Amino acid sequence: MDMKSAKGKKIAVIGLGYVGLPLAILASKKGYDVYGIVRSEEKAKTINEKKSPIADSRIETSLLSANILAGTDFSVVSGVSIIVICVPTPVHHDYTPDLEPVISSSTSIGKNLKKGQLVILESTVNPGVCETIVVPILEKESGFEAGKDFFVAHCPERINPGDSQWNVENIPRVIGSLEQKGLKKAVKFYRSILTGMVTEMSSIKEAEAVKITENAFRDINIAFVNELALSFDRLGIDVLNVIHGASTKPFSFLPHYPGCGVGGHCIPVDPYYLIAYAKQFGFSHNFLSLARSINNAMPKRTVGYVVKSLQKISRKTRGSKVAVLGLSYKANIDDDRESPSYQIIKELEKRGIVVSTFDPNLPGKSTCTSLEAAVRGVHAVIIATAHKAFVKLNPEFYLQRNITIVIDGRNCLDKKKFVAAGIIYKGIGR
Ligand code: SAJ
């Protein structure tokens with residue numbers, strides 16, 4: 001569909017977060033009239049004032065010229081042709097999937113559904129959720145029949161926050177549906193807004209499985225290098241050098257990097273959806289579960305390095321002061337969902353350590369308003385997020401402030417330089 005035919009086509013995007021807002025902006029750029037439905041009037045007001053609730057320069061700029069009307073009223077759903085659900089799919093504290101946002105939005109959509117509409121779920125879910133949860137709710141609330149009176153498709157989101165190369169427009173996508181008509185409608189919509197390749201899956205379940213597979217793949221690979229880091233620590237081998245060495249192999253090696261933990265709303269969460277679903281069918285994903293436990297243990301391992309380093313300068317753990325630099329789950333973004341930094345802080349405080357924190361992208365969540373304030377009078381620093389503001393700090397910055405312990409939770413510093421300056425440097429696996 002070209003821009004002209006998109007003109008006047010109305011769509012609704014449920015959820016204007018990291019996934020929904022870029023999609024809404026893109027669809028409006030491609031000629032669609034876009035209604036964004038959010039949970040709070042305040043967020044709707046912010047977006048209608050063209051202010052991005054997400055600290056991302058590309059989103060902030062493109063929102064200024066986007067034609068999006070944000071609100072909290074689901075009744076607008078009845079006047080559009082396509083509804084895209086982009087709500088979060090977190091896990092509960094016990095790591096069981098939390099589908100409440102998907103269920104509540106499906107219920108509200110169902111109450112306003114009109115014949116002929118297409119409902120697309122972009123949120124990451126385990127195989128089976130569309131057919132066993134979303135479709136029954138839509139049918140019950142509307143009285144219509146899916147695949148006949150209305151259509152349902154799944155196009156898992158692949159947003160990579162902070163990525164300057166891959167964005168909502170050029171990232172290739174996969175789409176699955178209950179039947180051919182719904183698939184064709186969904187493919188036509190995405191091909192009208194994306195430059196990335198659109199691949200048709202043979203079922204909606206396959207499309208759900210693709211995303212879970214992608215992210216579980218990443219989680220187990222991270223767990224692999226985290227385990228290598230723990231082993232090589234004992235063997236006196238620098239794991240980062242080994243990974244760089246292995247990366248010289250031009251085929252069948254995909255580098256991942258050890259760190260102080262795995263955060264974000266995707267990687268540490270999505271495997272639990274598959275683990276829980278497969279369990280319903282009597283299958284235990286032992287490997288995925290083991291990978292999750294290895295990655296979940298990295299914050300505690302990192303705190304162990306702090307304790308050992310404090311002992312090296314004959315400091316008692318209790319009462320020592322440690323600065324945790326970085327709260328977001330990955331470098332140079334402002335998203336702290338499932339961030340390992342918070343596990344690290346909890347583990348430090350459990351040991352009676354006095355913790356200060358600073359994240360330039362999350363000033364409101366930091367205990368200190370500046371880097372200087374965070375490191376003032378501390379005995380050790382943990383780099384928990386490789387923000388550029390921290391990577392650029394050289395050994396002198398620490399020595400001038402009498403800080404002799406630096407725990408490099410993201411292996412982002414020049415180890416040789418720090419060791420040569422007489423700093424007790426500890427990376428993850430190096
Ligand atoms: N991490 C490591 N070692 C690695 C890579 C990541 O410890 O080698 C940690 C990061 O520090 C972070 C967490 O894992 O705490 C997640 O990192 P990520 O780069 O995977 O970041 P995400 O969660 O933004 O992942 C997104 C995902 N995109 C979607 O789910 C749509 C993921 O599928 C992508 O694989 C990933 O981007 C990517 O490729 O960068």
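This structure is a prediction, so every number in the text was calculated from the model and none was measured. When a ligand or atom number is given, it counts from 1 through the structure's own listing order.
Among pairs with a residue in residues 220-241, those fulfilling salt bridge (Lys or Arg N to Asp or Glu O under 4.0 Å) read D233-K426, D238-R430, at least two apart in sequence or across chains. Here salt bridge (Lys or Arg N to Asp or Glu O under 4.0 Å) pairs that include residues 243-262, with residues two or more places apart or in two chains, number zero.
Applying the side-chain hydrogen bond (donor to acceptor under 3.5 Å, both in side chains) rule to Q343 yields no partners; only residues at least two apart in sequence or on another chain are considered.
In this structure, R301 is not positioned above the aromatic face of Y305 in the sense of NZ or CZ being under 6.0 Å from the six-membered ring centre and within 45° of the axis.
In this structure, the ring of Y277 has its center no less than 6.0 angstrom from the ring center of Y273. Checked against the 6.0 Å centroid criterion, the rings of H285 and F287 do not qualify as a close aromatic pair.
Protein residues having at least one heavy atom under 4.0 Å from any atom of ligand 1 are E157, R158, I159, N160, P161, K211, N215, R218, I222, H256, Y257, G261, V262, G263, C266, I267, Y329, K330, R410, listed by chain and number.
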